[in-house]
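All values reported here derive from a predicted model rather than from experimental measurement.
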Amino acid sequence: MTLTLTVSDEVRSLVPGFTPLAVEAHGLVNGPSTEAGSALLDDATRRLAARLDGRAPHEDPHMVAWRAAYTAFGSKPSRTRNSGEALAKRALADGGLPRINLLVDLYNAISVAHLIPVGGEDIDRIEGTMRLVRATGDEPFHTAAGGEPVVEHPDAGEVVWRDDEGVTCRRWNWRQGVRTRLTEESVNAVFLLEALDPMSREALDAAGTELAEKLEKFSPGARITVYPAG
């Protein structure tokens with residue numbers, strides 16, 4: 001069954017060039033990070049460095065567009081970076097990319113290699129439909145602070161992904177909540193790839209196809225569907 005994902009008219013009018021793509025997968029195999037997954041992250045970092053050719057991630061035209069989108073809903077993009085820029089910046093730093101678990105490593109590798117925000121959610125933990133909206137400010141967002149569970153609320157007007165229970169990701173794709181994140185026990189997931197002009201539809205599709213191929217490789221027999229979101 002395909003998860004319903006929608007993008008509100010408010011968000012589309014705020015950033016007209018937004019194009020999301022979903023990769024939905026059932027019957028996945030997850031677990032701790034592996035040497036093969038780690039190798040994908042290392043290769044993604046090499047591809048990113050070649051793409052940037054000495055520039056900083058925020059100087060890439062796609063990241064420039066994301067910074068403008070963040071500014072449009074009142075967020076300071078140099079302080080709360082979109083996930084694609086934040087991950088790319090970390091990839092090029094001395095410490096390199098973190099190893100989280102196999103599925104997270106796979107989609108992080110796609111994000112870095114293609115310089116695009118990519119998120120992953122556990123379908124079994126999503127309540128109802130997922131939609132990209134401008135927040136009222138009352139929605140609950142489950143996160144952690146100092147190792148302890150905390151419930152925060154987005155700013156009014158902030159762009160957020162949410163389901164029937166509350167916010168799943170704040171400031172568009174800045175910080176994911178703990179409630180729906182992928183854990184080592186996750187077997188059903190939806191991955192969201194989010195593009196803005198000037199990233200072409202062909203480039204977006206290529207990133208989605210590569211992610212689907214990697215999921216098939218690491219989870220033989222998984223049922224994978226790629227479709228436009230929203």
Query raised in the report: Mind checking whether Leu40 and Leu102 sit in one hydrophobic cluster, side chains of I, L, V, M, F, W, Y counted as touching below 4.5 Å?
Result: yes
Query raised in the report: What heavy-atom pair brings Ala135 and Val160 nearest, and what distance separates the two atoms?
Result: CB-CG2, 4.0 Å
Query raised in the report: Does Met199 belong to the same Ile/Leu/Val/Met/Phe/Trp/Tyr cluster as Leu21, with side-chain heavy atoms less than 4.5 Å apart forming each link?
Result: yes
Requested in this report: Answer with yes or no whether the hydrophobic clustering places Val190 together with Leu103; edges join I, L, V, M, F, W, Y residues whose side-chain heavy atoms lie under 4.5 Å apart.
Outcome: no
Query raised in the report: Of the non-hydrogen atoms in Asn82 and Pro117, which two are nearest, and what is the gap between them?
Result: OD1-CG, 3.6 Å
Query - Ionic contact status for Arg171 with Asp155, cut-off 4.0 Å - result: yes
Query raised in the report: Cut-off 3.5 Å, side chains only: do Asn30 and Glu185 have a donor facing an acceptor?
Result: no
Query raised in the report: Quick one: do Leu182 and Ile116 end up in the same hydrophobic cluster if we chain Ile, Leu, Val, Met, Phe, Trp and Tyr together by side-chain heavy atoms under 4.5 Å apart?
Result: yes
Query raised in the report: Below 4.0 angstrom, N of the basic side chain to O of the carboxylate: do Asp53 and Arg47 qualify?
Result: no
Query raised in the report: Out of curiosity, does Val23 fall in the hydrophobic cluster containing Ile110 (side-chain heavy atoms, cut-off under 4.5 Å, transitive links)?
Result: yes
Query raised in the report: Side-chain donor-acceptor pair under 3.5 Å between Ser186 and Asp122, yes or no?
Result: yes
Requested in this report: State which residues pass side chain to side chain contact (heavy atoms under 4.5 Å, CB included) with Glu148; sequence neighbours excluded, sorted by chain then number.
Outcome: none
Query raised in the report: Less than 4.0 Å between a side-chain N and a carboxylate O, is that true for Glu210 and Lys214?
Result: yes
Requested in this report: Run the salt-bridge test on Arg134 and Asp9 with the 4.0 Å N-O cut-off and return the result as yes or no.
Outcome: no
**Report entry** Side-chain ion pair, Arg181 and Glu121, N-O less than 4.0 Å
**Finding:** no
**Report entry** Check ion pair Glu152-Arg170 (N to O, under 4.0 angstrom)
**Finding:** yes
**Report entry** Under 3.5 Å side-chain donor-acceptor pair for Thr168 and Thr180
**Finding:** no
**Report entry** Qualifying ring pair (Phe, Tyr, Trp, His ring centres under 6.0 Å) pairs with a residue from residues 71-127, counting only residues at least two apart or across chains
**Finding:** Tyr70-Phe73, Tyr107-Phe191
Query raised in the report: To the nearest 0.5 Å, how far apart are CG in Leu97 and CG in Asp105?
Result: 9.0 Å
Query raised in the report: Would you call Arg46-Asp42 a salt bridge at under 4.0 Å N-O?
Result: no
Side-chain atoms of residues 221-230: list all donor-acceptor pairs with protein atoms under 3.5 Å, sequence neighbours left out, distances to 0.1 Å.
residue: Tyr227; atom: OH; partner: Leu3; partner atom: O; Å: 3.3
residue: Tyr227; atom: OH; partner: Glu24; partner atom: OE1; Å: 2.7

Query - Donor-acceptor side-chain pairing of Ser38 and Arg99 below 3.5 angstrom - result: yes
Query raised in the report: Is it true that Arg179 and Asp163 have a side-chain N and a carboxylate O under 4.0 angstrom from each other?
Result: yes
Report task. Hey, could you give me the NE2/CD distance between His62 and Glu194, rounded to the nearest 0.5 Å? Result -> 9.0 Å
Query - Worked verdict on Arg51 versus Leu115 for side chain to side chain contact (heavy atoms under 4.5 Å, CB included) - result: CA-CA 9 Å; Arg51 174 195 182 108; Leu115 198 50; 3.7 Å; yes
Query raised in the report: Looking at Trp161 versus Phe141, is the centre-to-centre ring distance below 6.0 Å?
Result: no
Query raised in the report: Nearest 0.5 Å, what's the CG-CG distance between Leu132 and Leu5?
Result: 10.0 Å
Query raised in the report: Which atoms form the tightest heavy-atom contact between Pro98 and Leu41, and what is the distance?
Result: O-CD1, 3.9 Å
Report task. Could you tell me whether the side chains of Ser219 and Glu216 share a donor-acceptor contact shorter than 3.5 Å? Result -> no
Query raised in the report: Is Glu59 salt-bridged to Arg55, going by a charged N under 4.0 Å from an acidic O?
Result: no
